[in-house]
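Note that the structure is a prediction, hence the values are computed from the model and not measured. Just the heavy atoms: all of them, side chains too, but no hydrogens, waters or symmetry mates, feed the values below.
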Amino acid sequence: MSHYIVLTFMAMVVSALCGLLMIPQILDFCKRKNLYDIPNARKVHKNAVPRLGGISFMPSMLVAFILAVAIMNKMTDTNQVTVSTWTCCFFISLLLIYGVGIVDDLIGLNAQTKFVVQIIAASLLPFSGLYINNLYGFLGIQEIPFWFGAPFTVFIIVFIDNAINLIDGIDGLAGGLSFLALCGFLYCFLYEGIFTYSILIAGLMGVLLSYLYFNIWGNPSKNRKIFMGDSGSLTLGFILGFLFVKYAMYNPEVMPYHKDGLMISITMLIVPMFDVVRVVIMRLRKRRPLFDADKNHIHHKLMRTGLSQHHALVCILLLAVSYTLLNTLLTIICNLGMTYTLLIDVVLFFLFNYMVNKAVLQNDQLPFVVLENN
């Protein structure tokens with residue numbers, strides 16, 4: 001197993017190097033073509049910054065994956081990757097999401113068009129045999145049939161994809177939360193001995209590290225700061241949604257039954273998922289269009305308490321880590337069921353938001369404002 005771990009680490013390094021090579025080239029291209037994300041009322045940043053960083057994600061990940069798998073095949077004298085129906089569907093779906101993200105970054109697309117493409121891309125996976133088929137005791141439900149599991153899977157993937165896309169509002173947030181989730185999935189798949197997925201995850205983690213370096217510490221005056229754009233956030237969200245379903249699906253041919261499989265997947269992405277639910281509820285209560293942009297996400301609220309971007313980032317990442325530790329304690333150590341664990345998670349998120357709202361009022365910040373979608 002040690003040589004597989006070495007290959008996984010190698011994939012991360014190779015991908016990080018690819019990112020370090022590609023991102024400066026993307027920055028120079030954006031400067032020549034004058035492709036910048038211009039600040040406006042609904043955005044936090046004050047400088048014009050390129051937003052094509054996500055273009056580097058998929059090529060870097062695939063280069064690292066192909067190289068590592070080729071070495072693994074040579075070492076084991078076996079073919080570790082077989083081209084099956086679901087493999088083809090996954091890559092077709094990923095290309096659709098990646099492509100629509102690039103088009104949106106370059107010329108702009110409305111939210112409805114992106115939503116339709118997301119549904120089409122997500123729908124390919126259940127019909128290739130990949131879908132959530134067990135709720136592991138949530139509300140007393142165990143196995144679920146295909147007619148329910150297939151649309152539920154599409155909903156989960158689209159939901160996660162939009163959750164990552166919508167939480168991409170301050171430096172390092174979408175990338176940082178995605179990196180933490182990928183760390184968790186990497187551990188899970190390594191533990192199960194599913195090394196091809198581990199290599200794929202490590203490849204994405206490597207380029208994310210390169211991106212985060214330029215995104216958080218890059219200097220915009222020197223043209224060394226970049227955003228991931230929709231090409232990055234949609235790609236990240238789709239892959240995370242795929243990993244969510246892959247680990248949550250009960251398939252004895254891949255890995256043994258885990259009563260906490262679905263709860264573990266939820267825990268990896270609980271902060272962006274809860275934040276989207278809260279924002280949607282707020283829009284419904286105020287009778288606002290669901291696709292309209294606003295500044296009511298968790299990072300906006302934290303900044304309205306007086307925190308800087310980086311302090312808000314650290315606060316949200318610590319919240320995500322805290323949920324991971326808490327749910328590990330509740331489900332694995334205390335053996336608490338998924339229903340009660342999720343109920344505790346919801347209550348704690350409500351209390352966290354209550355305290356943030358109270359801090360906002362004390363700092364006399366601006367109330368909720370709906371702004372035009374660009």
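With rounding to the nearest 0.5 Å, the separation of CG in Leu27 from CZ in Arg32 is 11.0 Å. For the atom pair CE (Met355) and CZ (Phe350), the distance works out to 11.0 Å, reported to the nearest 0.5 Å. Between the CD1 atom in Ile132 and the CG atom in Asn134 there is a gap of 10.0 Å [rounded to 0.5 Å]. With rounding to the nearest 0.5 Å, the separation of CD in Gln118 from CD1 in Ile160 is 11.5 Å. Between Ile316 atom CD1 and Leu302 atom CG the span is 5.0 Å, to the nearest 0.5 Å. Taking CG of Leu200 as the reference point, atom CG of Leu62 lies at 7.5 Å (rounded to 0.5 Å).
Closest approach of Leu166 and His299 over heavy atoms only: O-CE1, 4.1 Å. Among all heavy-atom pairs drawn from Leu52 and Leu106, the shortest one is CD1-CD2, 4.1 Å. Scanning all heavy atoms of the two residues, the minimum distance from Ile144 to Gly149 falls at CD1-CA, 3.9 Å. For Ala248 against Tyr136, the heavy-atom pair with the smallest separation is O-OH, 2.5 Å. In plain terms, the two heavy atoms of Thr267 and Thr324 that are nearest each other are CG2-CA, 3.6 Å. Residues Ile164 and Ala174 come closest through the heavy atom pair O-CB, 3.9 Å.
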Step-by-step side-chain contact (heavy atoms from CB on, under 4.5 Å) determination, Arg51 to Tyr36: CA-CA 6 Å; Arg51 62 174 184 177; Tyr36 291 101; over 6 Å; no

Are Leu243 and Ile201 close enough, and set up right, to give a side-chain contact (heavy atoms from CB on, under 4.5 Å), and what steps lead you there? CA-CA 9 Å; Leu243 293 172; Ile201 294 167; 3.8 Å; yes

For Ile264 and Tyr247, what are the C-alpha separation, side-chain angles and deciding distance, and is it a side-chain contact (heavy atoms from CB on, under 4.5 Å)? CA-CA 8 Å; Ile264 290 172; Tyr247 193 76; 3.9 Å; yes

Let me see the working for Val356 and Ile298 under side-chain contact (heavy atoms from CB on, under 4.5 Å), right down to the final yes or no. CA-CA 9 Å; Val356 172; Ile298 187 171; 6.0 Å; no

Set out, in order, the CA-CA distance, both residues' side-chain angles and the distance that settles side-chain hydrogen bond (donor to acceptor under 3.5 Å, both in side chains) for Asp260 and Thr331, then state yes or no. CA-CA 7 Å; Asp260 303 316; Thr331 58; 4.6 Å; no

Could you go through the side-chain hydrogen bond (donor to acceptor under 3.5 Å, both in side chains) check for Asn335 and Lys259 one step at a time? CA-CA 10 Å; Asn335 201 29; Lys259 63 183 180 64; 2.8 Å; yes

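Using bins of under 30°, 30° to 60° and over 60° for the plane-to-plane angle, the ring pair Phe155/Phe152 lands in the parallel bin. Ring pair His297/His300 is tilted by interplanar angle, where 30° to 60° counts as tilted. Using the six-membered ring where Trp is involved, Phe349 and Phe274 have ring planes that are perpendicular, over 60° apart on the 30 and 60° scheme.
Linking ILVMFWY side-chain heavy atoms closer than 4.5 Å, directly or via other members, places Met249 and Phe138 in a single hydrophobic cluster. Cluster annotation: Leu262 is connected to Val277 through the hydrophobic network of ILVMFWY side chains, with a link wherever side-chain heavy atoms come within less than 4.5 Å. A chain of hydrophobic side-chain contacts below 4.5 Å, direct or via other Ile, Leu, Val, Met, Phe, Trp or Tyr residues, connects Ile102 to Met61. When the side chains of ILVMFWY residues are joined at heavy-atom separations under 4.5 Å, either directly or via intervening members, Leu124 and Val245 end up in two distinct hydrophobic clusters. Using a 4.5 Å cut-off between side-chain heavy atoms of Ile, Leu, Val, Met, Phe, Trp and Tyr, with links allowed through other members, Leu186 and Val321 fall into the same hydrophobic cluster.
Side-chain contact between Leu208 and Leu236: present, with at least one pair of heavy atoms (C-beta onward) separated by less than 4.5 Å. The shortest side-chain heavy-atom distance between Tyr4 and Ile199 does not fall under the 4.5 Å cut-off. Using a 4.5 Å heavy-atom threshold, the side chains of Met205 and Cys183 count as touching. Using a 4.5 Å cut-off on side-chain heavy atoms (C-beta onward), Leu317 and Leu313 make contact. Using a 4.5 Å heavy-atom cutoff, the side chains of Met22 and Ser60 are in contact. When side chains are defined from C-beta on, Phe244 does not count as touching Met268, because their heavy atoms never get closer than 4.5 Å. Between Leu130 and Thr153, every side-chain heavy-atom pair lies at or beyond the 4.5 Å cut-off. Residues Phe214 and Pro24 form a side-chain contact, since some pair of their non-hydrogen atoms from C-beta on lies under 4.5 Å apart.
At distances below 3.5 Å, at least one donor-acceptor pair connects side-chain atoms of Arg278 with backbone N or O atoms of Asn296. Not a single donor-acceptor pair under 3.5 Å links the side chain of Asp105 to the backbone N or O of Gly229. Not a single donor-acceptor pair under 3.5 Å links the side chain of Asp275 to the backbone N or O of Val271. With hydrogens and angles disregarded, a donor-acceptor distance shorter than 3.5 Å links the side chain of Asp161 to the backbone of Phe238. With Ser210 contributing its side chain and Ala16 its backbone, the two residues share a donor-acceptor pair below 3.5 Å. Between the side chain of Ser15 and the backbone N or O of Met12 there is no donor-acceptor pair closer than 3.5 Å.
With 3.5 Å as the limit, one finds no donor-acceptor pair spanning the side chains of Lys358 and Asn353. A side-chain donor from one of His258 and Glu192 sits under 3.5 Å from a side-chain acceptor of the other. A donor atom on one side chain and an acceptor atom on the other are not found under 3.5 Å apart for Asn327 and Thr341. Judged by distance alone, the side chains of Asn215 and Tyr211 do bring a donor and an acceptor atom under 3.5 Å apart. Between Asn133 and Glu143, the side chains place no donor N or O within less than 3.5 Å of an acceptor N or O (distance only, hydrogens not considered). With no hydrogens or angles considered, no side-chain donor-acceptor pair links Ser233 and Asp168 at under 3.5 Å.
Other residues, nucleotides and ligands contribute at most 12 non-hydrogen atoms within 6.0 Å of the OH atom of Tyr340. Residue Tyr213 places its OH atom among 12 or fewer non-hydrogen atoms of other residues, nucleotides or ligands, all under 6.0 Å distant. Few gaps surround NE2 on His310; more than 12 heavy atoms of other groups in view lie less than 6.0 Å from it. No more than 12 heavy atoms of other residues, nucleotides or ligands lie within 6.0 Å of OH in Tyr354, so this atom counts as exposed by the packing criterion.
Between Phe195 and Phe189, a ring centre-to-centre spacing not shorter than 6.0 Å is recorded.
Comment: Asp28 engages Arg224 in a salt bridge, judged by a side-chain N to carboxylate O separation of less than 4.0 angstrom. Residues Lys225 and Asp171 are paired through a salt bridge, judged by an N-O separation under 4.0 Å between the basic side chain and the carboxylate.
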